[in-house]
Amino acid sequence: PKLRLERWGGLRVGSLGLEGNEKSNDMVFSSYYSPIIEEIMKMLPVLIYIIVTKNKKSDRMIVGMCIGVGFGVLENSFYMTINASKITYMSWVAARGFATALMHALCTAMVAYMLGMAYRHRKMYLTGTIAALAMSITYHSIYNTILKTDYATVILFMPIITYVVVMLIVNRQKIYSFLKKQKRIS
């Protein structure tokens with residue numbers, strides 16, 4: 001392999017490029033290298049926020065989601081600029097933009113939540129950080145891999161479904177209290 005520069009999220013990042021056709025290089029980069037680099041870059045401001053502020057988990061998740069959405073919007077702007085001549089449907093761009101921004105927001109919010117837990121329990125700090133990164137890198141890699149296949153339209157629903165599930169888990173006590181209250185009233 002020879003060293004070459006690849007496109008990534010508005011930045012140029014050095015990576016090991018594989019010899020072969022451009023499509024396979026793009027697939028390898030977006031499925032393996034890109035999620036690692038992107039998730040580490042999104043984790044750093046979250047980590048600094050957690051260390052400096054020591055706020056509640058809901059604040060950490062909101063900050064994580066904001067960082068992720070901002071990153072997703074920047075990435076999609078760059079993607080549209082680079083591929084402007086290839087774009088045929090604006091609806092695809094809008095759907096991809098929404099789903100990708102939500103995917104980045106989810107990954108960063110989950111990392112923020114897990115890092116906050118790991119920071120509270122000092123013994124778990126290193127393993128918690130590695131676990132948070134591994135989870136977000138895996139999710140991101142699956143998303144990028146399927147986005148490059150014929151099932152790209154289906155994968156756009158993956159972040160929406162994940163968001164609903166995460167919100168149900170995070171708010172399960174409120175939902176349970178609400179349902180219990182509704183049952184008493186009727």
Side-chain angles (χ1 to χ4, degrees), residues 3-17 28-82 96-145 147 155-156 158-174:
L3 190 62
R4 70 174 214 203
L5 295 177
E6 292 280 349
R7 289 188 311 259
W8 171 75
L11 303 172
R12 299 296 249 172
V13 178
S15 72
L16 292 175
V28 168
F29 185 78
S30 70
S31 296
Y32 301 113
Y33 299 120
S34 179
I36 294 169
I37 296 166
E38 290 178 12
E39 294 306 324
I40 290 172
M41 296 219 17
K42 291 187 302 181
M43 181 194 72
L44 294 177
V46 171
L47 192 58
I48 291 168
Y49 176 80
I50 289 170
I51 290 170
V52 170
T53 63
K54 301 175 184 151
N55 284 343
K56 301 183 295 185
K57 69 180 175 186
S58 62
D59 290 346
R60 289 189 301 263
M61 289 182 73
I62 291 169
V63 166
M65 285 196 88
C66 290
I67 291 169
V69 166
F71 187 90
V73 168
L74 177 68
E75 183 182 63
N76 281 310
S77 301
F78 182 71
Y79 174 81
M80 287 190 314
T81 305
I82 294 251
R96 184 192 186 282
F98 175 75
T100 303
L102 185 57
M103 183 272 303
H104 281 291
L106 285 169
C107 285
T108 315
M110 290 187 283
V111 165
Y113 180 77
M114 291 176 71
L115 282 177
M117 286 176 38
Y119 188 75
R120 262 192 328 215
H121 307 285
R122 296 290 182 158
K123 292 180 182 176
M124 293 177 21
Y125 195 65
L126 182 61
T127 54
T129 303
I130 292 169
L133 264 177
M135 179 211 48
S136 65
I137 289 168
T138 303
Y139 186 87
H140 192 156
S141 183
I142 290 168
Y143 181 85
N144 282 0
T145 302
L147 194 61
I155 199 65
L156 296 177
M158 182 177 135
I160 297 167
I161 293 167
T162 306
Y163 176 78
V164 169
V165 170
V166 168
M167 287 300 115
L168 287 174
I169 291 169
V170 168
N171 296 308
R172 67 185 175 274
Q173 282 301 115
K174 290 178 186 175

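Residue numbers run from 1 in the order of the sequence given.
Expressed to the nearest 0.5 Å, how far CG of Leu47 lies from CD1 of Ile51 amounts to 4.0 Å. Between atom OG1 of residue Thr100 and atom OH of residue Tyr143 there is a gap of 3.0 Å, rounded to the nearest 0.5 Å. Atoms CG and CG, on Leu156 and Leu147 in that order, are 6.5 Å from each other to the nearest 0.5 Å. A distance of 9.5 Å separates NE2 of His140 from OG1 of Thr108, quoted to the nearest 0.5 Å. With rounding to the nearest 0.5 angstrom, the CG atom of Asn76 is 7.0 Å from the NE2 atom of His104. Annotation: the span from Met43 atom CE to Leu133 atom CG amounts to 4.5 Å, rounded to 0.5 Å.
Across all their heavy atoms, Met61 and Ala109 have their closest contact at O-CB, 3.7 Å. When all heavy atoms are compared, the tightest approach of Ala99 to Pro159 is O-CG, 3.4 Å. Taking all atoms of both residues into account, the shortest heavy-atom contact from Lys42 to Cys107 is NZ-CB, 4.0 Å.
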message: Between Ile50 and Arg60, is the side chain to side chain contact (heavy atoms under 4.5 Å, CB included) condition met? List the steps.
response: CA-CA 7 Å; Ile50 289 170; Arg60 289 189 301 263; 3.4 Å; yes

Can I get a per-line list of side-chain donor-acceptor pairs under 3.5 Å for residues 62-70, giving both atom names and the distance, sequence neighbours left out?
none

What side-chain donor-acceptor pairs closer than 3.5 Å can you find for residues 160-169, not counting sequence neighbours?
{"from": "Thr162", "atom 1": "OG1", "to": "Tyr139", "atom 2": "OH", "distance (Å)": "2.7"}
{"from": "Thr162", "atom 1": "OG1", "to": "Met158", "atom 2": "O", "distance (Å)": "2.8"}

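Applying the side chain to side chain donor-acceptor pair (under 3.5 Å) rule to pairs touching residues 123-137 yields Glu39-Ser136, sequence neighbours excluded.
Partners of Ile130 under the side chain to side chain contact (heavy atoms under 4.5 Å, CB included) rule, at least two apart in sequence or in another chain, are Leu126.
Of the possible donor and acceptor atoms, none in the side chain of Ser141 sits under 3.5 Å from a partner among the backbone N and O of Ile137.
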